[in-house]
Amino acid sequence: MSGFPENTLDYDVAIIGAGPAGTACALALRHSGLRVALLDKAQFPRDKVCGDAVPGQAFKALRQLDPAFVEELWQLQPRDDVRDSRLVAPSGAGLTLQWKLPSFNSPRETFDAALLGLVRAHSDTTILENTGLKGLEVMPEAVRLHLAEGAELTCGVVIGCDGANSVVGRKLLPAPLDRAHHCAGVRAYYENVGGASSGTTEFFLSSDYLAGYVWLFPVGEGRCNVGLGMLSEIVSEHKVDLKETLTHVLATHPELAGRFAQARQLGPIVGFGLPLGGGRTRRISGGRFMLCGDAASLIDPLQGHGIDTAIQSGILAGAQAASCFEKQDFSAEFMRQYDARVEHKIGRKLAKSYRLMRFLSNKAWLVNAAVGLARVPGLKPWVQKAIG
């Protein structure tokens with residue numbers, strides 16, 4: 001006889017982390033009839049260090065759940081609706097690319113709180129803020145979650161949506177840091193940036209930091225998210241101080257120095273880590289658990305975005321959890337359906353991006369040539385397709 005009869009569990013599904021992956025997962029489960037809890041260590045709204053760009057694929061995925069979710073998100077303020085991106089090559093030549101899907105930039109403090117608001121308004125999910133996960137045990141009949149101050153919860157399935165430093169991932173699928181598939185980044189907010197154009201995101205490449213880029217993203221209300229990301233392998237090998245490097249670039253880059261002469265920095269430069277997708281195939285599930293978003297290393301290696309893949313994986317995990325309860329199969333083998341769907345929908349694209357990033361990372365001349373080719377009539381669509 002089971003030690004955890006189904007009706008004695010606190011919840012059927014516990015989602016750890018209320019960012020884009022976790023909230024999308026909760027929304028995907030809203031009609032499942034399952035008892036769902038969404039836990040986060042923070043109280044919302046809260047800052048999340050990020051570039052603040054929300055790709056069009058994120059809205060496409062949410063629209064498949066309910067078009068009303070997307071309509072609500074497009075009422076957010078502050079935000080900056082993105083129409084195109086400007087890429088500046090190491091040579092200084094520029095290239096502007098138009099985006100097909102509607103997208104916007106918005107501070108994660110605003111965007112993530114809005115996603116959680118959708119969960120509150122459109123589901124019966126139990127939301128537990130200020131609830132950090134300290135550890136967990138997966139048993140044949142259930143998962144036991146160890147929370148702060150000795151509290152415990154039990155559930156049938158746990159879904160780790162708790163970011164790059166996922167507690168669920170560290171406890172259940174521990175792996176050493178792979179700097180070849182990890183990016184380190186820093187960002188700060190600025191106002192009064194000269195030449196910043198609403199609707200245009202900007203990327204600046206240099207032979208000094210080709211395995212990464214400087215970005216400048218308007219986020220509304222006259223502010224810009226400005227940052228630098230670089231492959232952790234390069235950061236470690238050359239002992240790069242990213243905060244100092246960003247400050248130096250903004251003061252000396254031919255395209256940026258004049259634009260930041262009168263700019264005002266709002267708050268400190270802060271850092272974050274990005275586990276890149278596209279590496280060797282890795283497990284992202286097991287008996288009674290799954291990982292989503294950053295916890296599953298689903299960051300795009302070329303462009304650095306991950307909100308869209310987080311939402312996509314959260315939706316897939318919600319569908320898999322519902323299937324587990326329908327079939328009463330919580331085995332690692334059955335969970336591999338989730339791994340396969342993530343690989344099919346997300347992993348293949350990330351692998352392509354990773355190969356392209358590595359190929360270009362030490363070839364400034366090739367980046368310059370590609371930007372030059374894009375100016376040739378008829379070739380621009382090909383370049384845009386190549387970089388996603």
Would you kindly confirm whether [X] and [Y] end up in one hydrophobic cluster when ILVMFWY residues are joined by side chain heavy atoms under 4.5 Å apart?
{"X": "F272", "Y": "Y189", "value": "no"}
{"X": "Y190", "Y": "L266", "value": "no"}
{"X": "V219", "Y": "L256", "value": "no"}

Assess whether atom [atom1] of [X] is packed by more than 12 heavy atoms of other residues, nucleotides or ligands within 6.0 Å.
{"X": "Q262", "atom1": "CD", "answer": "no"}
{"X": "Q43", "atom1": "CD", "answer": "yes"}
{"X": "R30", "atom1": "CZ", "answer": "yes"}
{"X": "K171", "atom1": "NZ", "answer": "no"}
{"X": "D124", "atom1": "CG", "answer": "no"}

With rounding to the nearest 0.5 angstrom, report the [atom1] to [atom2] distance, [X] to [Y].
{"X": "T96", "Y": "E202", "atom1": "OG1", "atom2": "CD", "result": "8.5 Å"}
{"X": "S297", "Y": "H182", "atom1": "OG", "atom2": "NE2", "result": "8.0 Å"}
{"X": "C183", "Y": "M230", "atom1": "SG", "atom2": "CE", "result": "8.5 Å"}
{"X": "L118", "Y": "T125", "atom1": "CG", "atom2": "OG1", "result": "11.5 Å"}
{"X": "L87", "Y": "L97", "atom1": "CG", "atom2": "CG", "result": "6.5 Å"}
{"X": "S103", "Y": "D308", "atom1": "OG", "atom2": "CG", "result": "10.0 Å"}

Checking [X] side chain against [Y] main chain: does a donor-acceptor pair fall under 3.5 Å?
{"X": "S313", "Y": "T309", "result": "yes"}
{"X": "T154", "Y": "V143", "result": "no"}
{"X": "R144", "Y": "E152", "result": "no"}
{"X": "T23", "Y": "G19", "result": "yes"}
{"X": "S166", "Y": "D162", "result": "no"}
{"X": "Q320", "Y": "I315", "result": "no"}
{"X": "H253", "Y": "E255", "result": "yes"}
{"X": "D40", "Y": "G17", "result": "no"}

For the pair [X] and [Y], find out whether any cationic side-chain nitrogen is under 4.0 Å from an anionic carboxylate oxygen.
{"X": "R341", "Y": "D339", "result": "no"}
{"X": "R336", "Y": "D329", "result": "no"}
{"X": "E149", "Y": "K134", "result": "no"}
{"X": "R63", "Y": "E71", "result": "yes"}
{"X": "E129", "Y": "R120", "result": "yes"}
{"X": "R46", "Y": "E109", "result": "no"}
{"X": "R358", "Y": "E233", "result": "yes"}

Do the non-hydrogen side-chain atoms of [X] and [Y] ever get within less than 4.5 Å of each other?
{"X": "V168", "Y": "L133", "value": "yes"}
{"X": "R264", "Y": "N192", "value": "no"}
{"X": "K352", "Y": "K349", "value": "no"}
{"X": "L145", "Y": "E137", "value": "no"}
{"X": "F104", "Y": "P55", "value": "no"}
{"X": "S32", "Y": "F325", "value": "no"}
{"X": "L115", "Y": "V119", "value": "no"}
{"X": "D112", "Y": "P20", "value": "yes"}

* To do: With sequence neighbours left out, write down each residue that passes salt bridge (charged side-chain N to carboxylate O under 4.0 Å, His left out) with R282, or none if nothing qualifies.
  =>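 Per chain and number, R282 pairs via salt bridge (charged side-chain N to carboxylate O under 4.0 Å, His left out) with no residue.
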On a heavy-atom basis, which atom in [X] and which in [Y] lie closest, and how many Å separate them?
{"X": "F111", "Y": "V54", "value": "CZ-CG1, 3.7 Å"}
{"X": "M290", "Y": "S285", "value": "CG-CB, 4.0 Å"}
{"X": "S353", "Y": "D300", "value": "OG-OD2, 3.2 Å"}
{"X": "M335", "Y": "C324", "value": "CE-SG, 3.5 Å"}
{"X": "G318", "Y": "A28", "value": "CA-CB, 4.4 Å"}
{"X": "L34", "Y": "A322", "value": "CD1-CA, 4.1 Å"}

* **Evaluation steps, salt bridge (charged side-chain N to carboxylate O under 4.0 Å, His left out), between R348 and E343** => CA-CA 6 Å; R348 295 177 184 178; E343 176 61 21; 5.1 Å; no
Just list the side-chain donor-acceptor pairs under 3.5 Å for residues 194-201, sequence neighbours left out, or say none.
from, atom 1, to, atom 2, distance (Å)
S198, OG, D80, OD1, 2.6
T200, OG1, D84, OD1, 2.6
T201, OG1, S85, OG, 2.5

* To do: Would you mind telling me which of L153, V158, I15 makes a side chain to side chain contact (heavy atoms under 4.5 Å, CB included) with L39?
  =>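 That would be L153; it is the only one of L153, V158, I15 passing the side chain to side chain contact (heavy atoms under 4.5 Å, CB included) with L39.
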* Verdict with supporting geometry, D47 and R187, salt bridge (charged side-chain N to carboxylate O under 4.0 Å, His left out) -> CA-CA 12 Å; D47 186 26; R187 73 99 166 103; 2.8 Å; yes
* **Residue that, paired with D52, satisfies side chain to side chain donor-acceptor pair (under 3.5 Å) out of N225, N105, T110** =>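 Only one of N225, N105, T110 forms a side chain to side chain donor-acceptor pair (under 3.5 Å) with D52, namely N225.
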* Test: R35 cationic atom under 6.0 Å from Y11 six-membered ring centre, within 45° of axis ->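 The answer is no, since R35 fails at least one limit relative to Y11.
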* Asked: Passes side chain to side chain contact (heavy atoms under 4.5 Å, CB included), I299 versus L350? Steps please.
  -> CA-CA 8 Å; I299 298 288; L350 298 186; over 6 Å; no
* To do: Would you please test E191 and R223 for salt bridge (charged side-chain N to carboxylate O under 4.0 Å, His left out) and show each step?
  => CA-CA 5 Å; E191 64 180 8; R223 290 187 294 159; over 6 Å; no
* Take V138 and L172 through the side chain to side chain contact (heavy atoms under 4.5 Å, CB included) test and state the conclusion after the steps. => CA-CA 8 Å; V138 176; L172 301 181; 3.8 Å; yes
* **Pair Y338 and F289, ring centroids less than 6.0 Å apart** =>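 No, ring centres 6.0 Å or more apart.
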* Asked: Centres of the Y213 and F204 rings: under 6.0 Å?
  ->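 So the answer is no for these two rings.
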* Is there a side chain to side chain contact (heavy atoms under 4.5 Å, CB included) between E244 and V240 once you walk through the steps? -> CA-CA 8 Å; E244 289 184 2; V240 180; over 6 Å; no
